[in-house]
A.B. asks: 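For reference, the structure I am asking about is given below.
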Amino acid sequence: DAGVTQSPTHLIKTRGQQVTLRCSPKSGHDTVSWYQQALGQGPQFIFQYYEEEERQRGNFPDRFSGHQFPNYSSELNVNALLLGDSALYLCASSFTGTGTSYEQYFGPGTRLTVT
Amino acid sequence: DAKTTQPTSMDCAEGRAANLPCNHSTISGNEYVYWYRQIHSQGPQYIIHGLKNNETNEMASLIITEDRKSSTLILPHATLRDTAVYYCIVRSTGANSKLTFGKGITLSVRP
């Protein structure tokens with residue numbers, strides 16, 4: 001059973017460019033959350049997708065957008081890249097059911113460097 | 001979600017128990033305590049969670065005080081591979097709420 005996978009592993013972009021990161025959730029999961037982790041900090045919540053819609057959003061500008069596909073995989077898009085967008089981008093998947101607690105399982109992340 | 005407070009770092013000897021404390025004095029009745037860890041340059045790994053009863057799984061035990069204002073994660077026999085940043089997170093129930101990470105506690109296991 002494959003866990004959460006992310007691609008690419010590493011990416012180098014120039015300021016002002018646009019980037020797309022991809023995530024495939026763990027088998028059986030239908031919800032995908034994205035987090036940004038700057039060096040030396042804990043991950044910060046960007047947004048969450050369920051049923052192909054954005055369900056929750058953290059304090060990130062509109063330059064950050066996403067999409068969820070019918071197979072539950074997801075993309076994170078960042079436009080007009082800034083140097084400060086350099087970070088590890090983490091995808092986490094979970095299952096939205098009728099219970100009350102939902103463990104999120106993380107992928108290995110995509111390391112984005114903006115120069 | 002309630003805020004948590006953890007020491008910045010701690011260490012323990014390999015083979016001994018590692019007890020990682022967490023304060024969450026503003027936790028409310030419908031909030032769970034979650035623990036994740038992050039080994040260098042990897043994604044966070046789920047360890048355990050609990051509401052008010054103590055919990056144990058193959059990785060660790062979680063002890064929550066009766067007033068729920070603090071908790072302790074116990075790794076019963078720490079190994080060098082347990083060296084990581086450990087995050088204590090208080091999270092509301094309901095539809096898959098977000099995880100709010102602090103800076104966590106860096107555990108160093110020494111040989």
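In this text the structure is predicted, and so the values were computed from the model without any measurement.
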A.B. asks: For Leu90(A) versus Pro44(B), what's the shortest heavy-atom pair and its separation?
C.D. replies: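 For Leu90(A) versus Pro44(B), the nearest heavy atoms are CD1-CD, 3.7 Å.
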
A.B. asks: Is the shortest heavy-atom distance from the side chain of Tyr36(B) to the side chain of Phe106(A) under 4.5 Å?
C.D. replies: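 Touching, per the 4.5 Å side-chain cut-off.
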
A.B. asks: Just wondering, more than 12 heavy atoms not from Ile12(A) lying within 6.0 Å of its CD1?
C.D. replies: no

A.B. asks: Can you say whether Gln45(B) sits under 4.5 Å from chain A via the side chain, the backbone, both, or neither, judging by heavy atoms?
C.D. replies: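 Neither part; nothing is under 4.5 Å.
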
A.B. asks: Using heavy-atom distances under 4.5 Å, tell me whether Pro108(A) contacts chain B through its side chain, its backbone, both, or neither.
C.D. replies: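 Contact with chain B is through the backbone of Pro108(A) alone.
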
A.B. asks: Shortest non-hydrogen contact from Lys98(B) to Gln56(A)?
C.D. replies: N-OE1, 3.5 Å

A.B. asks: Check whether more than 12 heavy atoms from other residues, nucleotides or ligands sit under 6.0 Å from atom CG of Asn59(A), and answer yes or no.
C.D. replies: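 Atom CG in Asn59(A) is not crowded, with 12 or fewer foreign heavy atoms closer than 6.0 Å.
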
A.B. asks: Could you check whether atom CZ of Arg110(B) has more than 12 heavy atoms from other residues, nucleotides or ligands sitting under 6.0 Å from it?
C.D. replies: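 It does: Arg110(B) CZ has more than 12 such atoms within range.
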
A.B. asks: Got a second to check how far Glu103(A)'s CD is from Leu99(B)'s CG, nearest 0.5 Å?
C.D. replies: 10.5 Å

A.B. asks: Let me know if Ser33(A) has heavy atoms under 4.5 Å from chain B in its side chain, its backbone, both or neither.
C.D. replies: neither

A.B. asks: Are Leu39(A) and Ile39(B) connected in a single hydrophobic cluster, I mean Ile/Leu/Val/Met/Phe/Trp/Tyr linked by side-chain heavy atoms less than 4.5 Å apart?
C.D. replies: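 Different clusters: Ile39(B) never reaches Leu39(A) through Ile, Leu, Val, Met, Phe, Trp or Tyr contacts under 4.5 Å.
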
A.B. asks: More than 12 foreign heavy atoms under 6.0 Å from CZ of Phe101(B): is that the case here?
C.D. replies: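 For Phe101(B), atom CZ is crowded (more than 12 foreign heavy atoms under 6.0 Å).
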
A.B. asks: Do you reckon Leu81(A) sits in the same ILVMFWY cluster as Phe64(A), going by side-chain contacts under 4.5 Å, direct or chained?
C.D. replies: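 They do share one cluster, since a chain of ILVMFWY contacts under 4.5 Å joins Leu81(A) to Phe64(A).
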
A.B. asks: Side chain, backbone, both or neither: which part of Tyr50(A) has a heavy atom under 4.5 Å from chain B?
C.D. replies: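 Answer is neither: Tyr50(A) stays 4.5 Å or more from chain B.
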
A.B. asks: Taking all non-hydrogen atoms of both residues into account, name the closest pair between Tyr87(B) and Gly42(A) and its distance.
C.D. replies: OH-CA, 3.7 Å

A.B. asks: Other residues, nucleotides and ligands only: do more than 12 of their heavy atoms fall within 6.0 Å of CZ on Arg15(A)?
C.D. replies: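 12 or below, so no.
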
A.B. asks: Go through the atoms of Gln6(A) and report whether side chain, backbone, both or neither lie under 4.5 Å from a heavy atom of chain B.
C.D. replies: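 Neither; nothing under 4.5 Å.
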
A.B. asks: In terms of heavy-atom contacts, does CG of Leu80(B) have more than 12 from other residues, nucleotides or ligands at under 6.0 Å?
C.D. replies: yes

A.B. asks: Can you list the steps and then say if Leu88(A) with Gln38(B) is a side chain to side chain contact (heavy atoms under 4.5 Å, CB included)?
C.D. replies: CA-CA 13 Å; Leu88(A) 180 68; Gln38(B) 188 172 25; 4.3 Å; yes

